[in-house]
Structure formats: structure tokens, C-alpha cells
2 protein chains.
Amino acid sequence: MPDLDDLDLRILDLVQEDAEMPGEAIAGRVGLSASAVQRRLSRLKRDGVIEKVVALVEPRSIGRTVTVLVEVEIDNERRSALEAFQRWVVEAPEVQSCWYVTGDADYALLVSTRDLDSYNSFIERLMTEQPVVRKYKSLIALKTIKRGLKVATNPD
Amino acid sequence: MPDLDDLDLRILDLVQEDAEMPGEAIAGRVGLSASAVQRRLSRLKRDGVIEKVVALVEPRSIGRTVTVLVEVEIDNERRSALEAFQRWVVEAPEVQSCWYVTGDADYALLVSTRDLDSYNSFIERLMTEQPVVRKYKSLIALKTIKRGLKVATNPD
DNA sequence: AGTGAAAAGTATAACCA
DNA sequence: TGGTTATACTTTTCACT
């Protein structure tokens, strides 16, 4: 991942908001030709700066009403099972994101399920299949204020 | 947002993983013609099922090394300032996502910054500009296990 | 609603500055 | 590296089932 110049950053800023914008529209805004923009986009994808381009789906519209932030505490005497836990998380379709964190918890999971019943099923599966999880705490999202993974490109 | 059939769900499953897949490729997988797929995609966007299509950028590659889950506690005697707080959050480029949650905290924020220094600046701005925030707790992500906002389309 | 074919719009690649 | 042109591909529109 080599050095990105200011033009790359401005392009990234735009496509993180709308990846369907035609190269020519981007070109107009950043002051380049369409093909220069496309060349840069190809390079950004090849180098892994742009991981992928995805559609963001509104969860309610496909019947997923429940979003939960789950804080998970690990049994330190079973640390050897951590890799299996992480693989489980990566495979679980309910888990949107997961971080290993400092602080009170060990892992934080962002989970999306149909309803509270299926959230409960998810937690039961987690606790029975992954005994390395000692405790968990649920922060149930009552309202989504902002949803995205956009990374700021500004210098601050 | 009217009823989605099984074909819609299968299309959504694919474009949440890779929105650049040509209509014809999707068509082959779900058993439709390319134009039928395109018509469904247009409808899904028009109806807001697909909110938008965005590029996912790898934070490190643009110099953002710090990801933090911030739990925020609200001063209940200043509830009137909540709307201003939410607007602030929506505007703040460091905040990727934010939920109003049950449990110990009131809000949970997903924050991305250049380094710990700029995270500190962010927190100071938050605390001085939004006195409605009484307390906060930082869960610093030491490792990202899984990153995305994909919503499962399966029945579970 | 779906299919297939023509038309319009984009992206890709080759070439030159 | 950027711009321009030509080619290939994709999406959009339309006539028809």
C-alpha cells in the first residue's frame, strides 16, 4: 500500500459515500480526466486500499429488527481456544463486525438478528459452542443514529 | 418497502458481498435474466432497501490506525440537548456509526482516528462541545477480527 | 413479472505528450 | 502520470410473452 496523494484521498472520500458515481463525475469534482480516475481506482483496489465495494442494506426492510453490541469476556484459562472463537465469529452470519478490545471486555461484536428471540438463540449458540466465552453483556440498539464504515480522509 | 421474494434476498446477499458483480453474473447464480436482475436492483434502491453502494476502505492504508468503541453516558438533567448531540455525532467525520442503546451506556459510538493523539482530541472536543455527555468509556480495538455491515438474509 | 435485443452509457486498454 | 481515442463491457430501454 504505497503512498496516496491528495487526489487519491479525494477519490476515496467520494466512493466511500457513493461507489456508483461514474468516473466522469468523480473526474469533474477532483479535476482529472475520467480515465485517470479509473486508473487510480484500479490501483486502489489492486493494492487493497479499497477492500471491496458493497451494497448497504437497511436491516428493517429485510426483517432484521435487532442490532446489538455484545461485549464478551474471555476465560483466560482457555486462551488456546481463542482462534476457534475468532473463526466462529467470522463464520457466524449474525456477526457483522468484531474487534479485540482493551478495557472491560475482551471482544466487542456487532450483531444483527431478526428479533429478540433469534438474538437469544444466537447467544445460546455462542455460549454453548464457545465455552471460552465466560461472560457477555448486551447493549441493545434502540435507535441507529448513524450507520457506516466510512473512514475520514482529512488530516485531523 | 414492499415484500421481497426469495430472488430479491439472494440478489441482496450477493451485492452485499460484491456490488460490482455484473448483472449477468448475478443472473447466472440466481436463475434470472440480466435485465430482470437489473430491474430488481433498481427497485431495491428506489425503495430504500439498498441504502447506498459504497467502497470499503482499509483504515490503515490511509493512515487511520485507531478504532475505538466509545460508550457514552448521558446527563439526564440535560436531555433537551440530545438532539444537538445526535446532530454533532452525525456531522463528526471520526464517527463511523452510532447507536442509542440499552444497558450500562446510553450511546455507543464507533470511532476511527489517525492515532491516539487525535482520538484524544476527538474526546476532548466531544466533552467540551457536548456537556450532555457525563461519562464515557473507551474500548480500544487492538485487532479487527471482522469488519462489515452485511445483514444476513437467511430465515434464522 | 420475465426474456431478448437494440441503444445509451461506462469502463478498459493502447497510445502519445 | 495525465489526456485522448478506440474498443469492450454493462446497464437501460423497449417490444413481446
Side-chain angles (χ1 to χ4, degrees), chain A residues 1-58 60-63 148-155, chain B residues 1-58 60-64 148-151 153-155:
Chain A
M1 356 177 159
D3 12 78
L4 309 177
D5 63 19
D6 195 60
L7 289 165
D8 289 318
L9 294 178
R10 286 170 68 191
I11 293 170
L12 287 173
D13 198 65
L14 291 169
V15 296
Q16 282 188 99
E17 210 68 62
D18 176 10
E20 289 180 313
M21 184 178 294
E24 201 165 346
I26 298 173
R29 300 207 189 188
V30 302
L32 275 178
S33 68
S35 62
V37 169
Q38 297 293 2
R39 247 198 310 264
R40 282 167 179 265
L41 279 172
S42 301
R43 192 172 58 84
L44 291 166
K45 285 167 190 166
R46 177 175 54 77
D47 296 348
V49 176
I50 294 177
E51 261 178 49
K52 48 183 179 178
V53 174
V54 299
L56 292 193
V57 168
E58 206 285 302
R60 278 206 154 67
S61 63
I62 60 168
L149 292 175
K150 183 179 179 185
V151 184
T153 54
N154 309 335
Chain B
M1 353 176 165
D3 13 76
L4 308 178
D5 62 19
D6 194 59
L7 289 165
D8 289 319
L9 294 179
R10 286 170 68 191
I11 293 170
L12 288 173
D13 197 65
L14 291 168
V15 296
Q16 281 189 97
E17 209 69 61
D18 176 11
E20 289 179 314
M21 185 179 293
E24 200 164 348
I26 299 173
R29 299 207 190 190
V30 303
L32 275 178
S33 68
S35 58
V37 169
Q38 297 293 3
R39 194 151 1 96
R40 282 167 180 263
L41 279 171
S42 300
R43 192 173 57 84
L44 291 166
K45 285 168 190 166
R46 176 176 52 78
D47 296 347
V49 176
I50 294 178
E51 263 181 44
K52 49 183 177 176
V53 173
V54 300
L56 292 193
V57 168
E58 205 286 302
R60 279 208 152 69
S61 64
I62 60 169
R64 303 274 141 163
L149 291 175
K150 184 180 178 185
V151 184
T153 53
N154 310 335

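Here is how names work: the chains are called A, B, and so on, in the same order as the sequence lines, proteins then strands, and each is numbered from 1.
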Taking only residues two or more places apart in sequence or in another chain, which ones pass side chain to side chain donor-acceptor pair (under 3.5 Å) with [X]?
X        : value
B/Lys150 : B/Asp13, B/Glu17
A/Asn154 : none
A/Asp5   : A/Arg40

Search all heavy atoms of B/Leu4 against all heavy atoms of A/Ser61 and return the closest pair with its distance.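 Heavy-atom minimum between the residues: CD1-O, 3.6 Å.
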Given A/Leu56, which of B/Val53, B/Val15, B/Leu149 fulfils the side chain to side chain contact (heavy atoms under 4.5 Å, CB included) condition?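 When side chain to side chain contact (heavy atoms under 4.5 Å, CB included) is applied between A/Leu56 and each of B/Val53, B/Val15, B/Leu149, only B/Leu149 qualifies.
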Can you tell if the side chain of A/Asp6 reaches within under 4.5 Å of the side chain of A/Arg10, non-hydrogen atoms only?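 Of all side-chain heavy-atom pairs linking A/Arg10 with A/Asp6, at least one is under 4.5 Å.
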Under 4.5 Å between any side-chain heavy atoms of B/Thr153 and A/Val57, yes or no? no
Interatomic spacing from CG in B/Leu41 to CG in B/Asp8 - rounded to 0.5 Å: 9.0 Å
Using 0.5 Å steps for rounding, measure from the CG atom of B/Leu12 to the CG atom of B/Leu44. 5.0 Å
Extract all donor-acceptor atom pairs below 3.5 Å that involve side chains of residues 24-37 of chain A and protein atoms in other chains or at least two apart in sequence.
residue, atom, partner, partner atom, Å
A/Ser33, OG, A/Ala36, N, 3.3

Start and end of chain B contact along DNA chain D [non-hydrogen atoms, under 4.0 Å]: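 Listed 5' to 3', the contact boundaries are D/dT10 to D/dT13.
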Give the residues of residues 20-32 of chain A touching DNA chain C, defined as any heavy atom closer than 4.0 Å, sorted by residue number. A/Pro22, A/Gly23
Anything under 3.5 Å between a protein N or O and an N or O of nucleotides 12-17 of chain C, put it in a table, one pair a line.
none

